[in-house]
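Here is the naming used below: chain letters follow the sequence lines, and residue numbers restart at 1 for every chain.
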Amino acid sequence: MGNTRVIAAVYGPREVQNKGQQVNSSEALVRCEYRMAEFSTGDRRRKPKGDRRSTEISLVIRQTMEASILTNLMPRSQIDIFVQVLQADGGTRSACINAATLALADAGIPMRDIVTSCSAGYLCSTPLLDLNYIEDSAGGADVTVGVLAKMDKVTLLQMDAKLPMDTFENVMGLAIEGCKAIANYIREVLLVNTKQLECQRG
Amino acid sequence: MRDLHLSLNQTQRVRLESAFHELQALAPAANASAAAAVTVADTIPVNHEDNILKGHGTSDQDGEVVATLCGLVERVNKLVYVRTLRARYKPEVGDIIVGRVIEIAPKRWRLEINFSQDAVLMLSSMNLPDGIQRRRTAVDELNMRSIFEENDVICAEVRGFQHDGSLHLQARSQKYGKLERGQLLTVPAYLVKRRKQHFHHLEQYDVDLILGCNGFIWVGEHVVVGEKTNTTGDQQKSSTEVENFTPLETRKHICRLANAVRLLSALGFTLTIELIIDTAEASASSNVEINDMLGAEFYVLTAEREAKRRADLLKKKSGSR
């Protein structure tokens, strides 16, 4: 998405590695880990993994994807999602969710719907879609929305700063439109890829 | 081009593009029943008047049949389901699989196969080394490690499913059991189709090729089936080990066949024994070095040859009609 580049890897469904974590044996366990590469931001990061922001974003992505994966079809197994940010220019959370959706669809894990995410903000009395790093650090509001594209349901909603209610509705509407556009694009890419694999297989 | 990192120069890239284009052009002509590709949350066109059975990969949302997976829609009489491509292996009873031992548990071995859970091989589903049919005692249980250890590669057959979805295997025949002196290759499971024969003995190379349905492929030195049982007596074993090492020619053939499998799986072509032998022979006849088989030039050559082969097959089929 612009200059933000992320890479997502999905492992599974496979045997649960840590039996202590398996709470519900009739469902699959979904684990997610978000990392930023040290070279992804302007200044080299010192602690790419254990810090609070990464843990929070890992939890957020896990909850978003878990809402969409049909976990009861794969009991007693584990799905690992690893997302790493290679180049960060604002909207890394959204890019990670989109990448994770693509990876899950490619891995053949059954999902209710395509989850897409987009961020929007409000600067100089205009709603802006998909803020980059400079716009984000300008101090305006930043709304991140994740939707199930076809079912039209919101699975993720996060906001920094404050916004009056009607402005918020505008900004959120704009973000949802952005999500739908991304969902169309993802769907096309997946279709082309599936057709190509089938042709090559013969 | 998934697992091989190739740097193609401009002409090679152009040739590869044209080969893939040809394959794509051939594909809809080859499939008489064009299966529609579908992604997650696409509606599957269905005649609502029939009682359609919703199979794997579909779900019911607001009375419409919606896909939950990315793949192709298959229809068999009243059943509609979505067949995925790069997903996990879907086991069926009687499949021949190749797996690796991960853990030894009480009275069983746990194997890793390309499935959502580990498969279980019970001690009682395995022939004892001395070949006698008897009850497994506590001594047998303590000696499990002498039969299979961790990280051993085993060939077995799917016996059935447990209530929690895990697989049970059995290895009661002489042709199943531990596999030695060879290479284990992992390919996506959808490239191995179920056939009548999964054990192939290639006489001209003296090599055994086992195409496991789970996508694990074993290429190894040929072992005569009767000699698979362990010899009792340590002295005999150590002396035979010193003498029998695989000759260099056989090892070269094993590497050539293994590279052919790697190449074909990176290209995404269905693995059949004829195609593997064909590719290996083509590389030998054009004097490609074994390690160059995974290089850019041979990659492009193989794609072009496959496009030609499928075009010829199609012509033959339409010509004979």
Under 4.5 Å to a heavy atom of chain A? For V38(B) that would be backbone
So SG of C199(A) and CZ of R310(B): to nearest 0.5 Å the spacing works out to 9.0 Å
Determine whether a donor-acceptor pair (N or O, by modelled atom type, separation under 3.5 Å) exists between the side chain of E15(A) and the backbone of D118(B). yes
The interface call for I109(A) against chain B, heavy-atom contacts under 4.5 Å, is backbone
What one should report as the nearest heavy-atom pair of F269(B) and Q200(A) is CD2-O, 2.8 Å
Turns out that what part of L70(A) lies under 4.5 Å from chain B's heavy atoms comes down to side chain
Okay, A107(A) and chain B: the region with an atom under 4.5 Å from a heavy atom over there is backbone
Report task. Please step through side chain to side chain contact (heavy atoms under 4.5 Å, CB included) for the pair M74(A) and R88(B), ending with a clear verdict. Result -> CA-CA 11 Å; M74(A) 296 164 289; R88(B) 284 308 214 193; over 6 Å; no
From the list V40(B), L264(B), N114(B), the residue making the most non-hydrogen contacts under 4.5 Å with chain A is V40(B)
If one checks every heavy atom of Q78(A) against chain B at 4.5 Å, the contacting part turns out to be neither
Q | Y133(A) OH: over 12 foreign heavy atoms closer than 6.0 Å | A | no
Note, L85(B) side chain near Q196(A) side chain (heavy atom, < 4.5 Å): no
Between the CG atom in L191(B) and the CG atom in L197(A), the distance rounded to the nearest 0.5 Å is 9.0 Å
Between the CG atom in D113(A) and the CG atom in D42(B), the distance rounded to the nearest 0.5 Å is 9.5 Å
Here the pair of heavy atoms bringing A87(B) nearest to G108(A) is CB-CA, 3.9 Å
Just wondering, are more than 12 heavy atoms of other shown residues or ligands nearer than 6.0 Å to OH in Y185(A)? no
Heavy-atom closest pair (Q61(B) atom, R112(A) atom, distance to 0.1 Å) is NE2-O, 3.9 Å
Crowded around D62(B) CG? As in, over 12 foreign heavy atoms under 6.0 Å? no
Minimal heavy-atom distance between A105(A) and C70(B), with the atoms involved, is O-CB, 3.7 Å
For S116(B) and S77(A), the nearest pair of non-hydrogen atoms, with its separation, is O-CB, 3.4 Å
The interface call for T43(B) against chain A, heavy-atom contacts under 4.5 Å, is both
With a 6.0 Å cut-off (strictly less than), is the heavy-atom count around CD1 of I273(B), excluding the residue itself, greater than 12? yes
All heavy atoms of R76(A) vs all of Q117(B), minimum pair found to be O-CG, 3.6 Å
query: For H56(B), does the NE2 atom have more than 12 heavy-atom neighbours from other residues, nucleotides or ligands under 6.0 Å away?
result: no
Separation between CG (N193(A)) and CZ (R86(B)), nearest 0.5 Å, reads 5.5 Å
Applying a strict 4.5 Å limit to non-hydrogen atoms, the region of M111(A) in contact with chain B is both
Turns out that what part of F115(B) lies under 4.5 Å from chain A's heavy atoms comes down to backbone
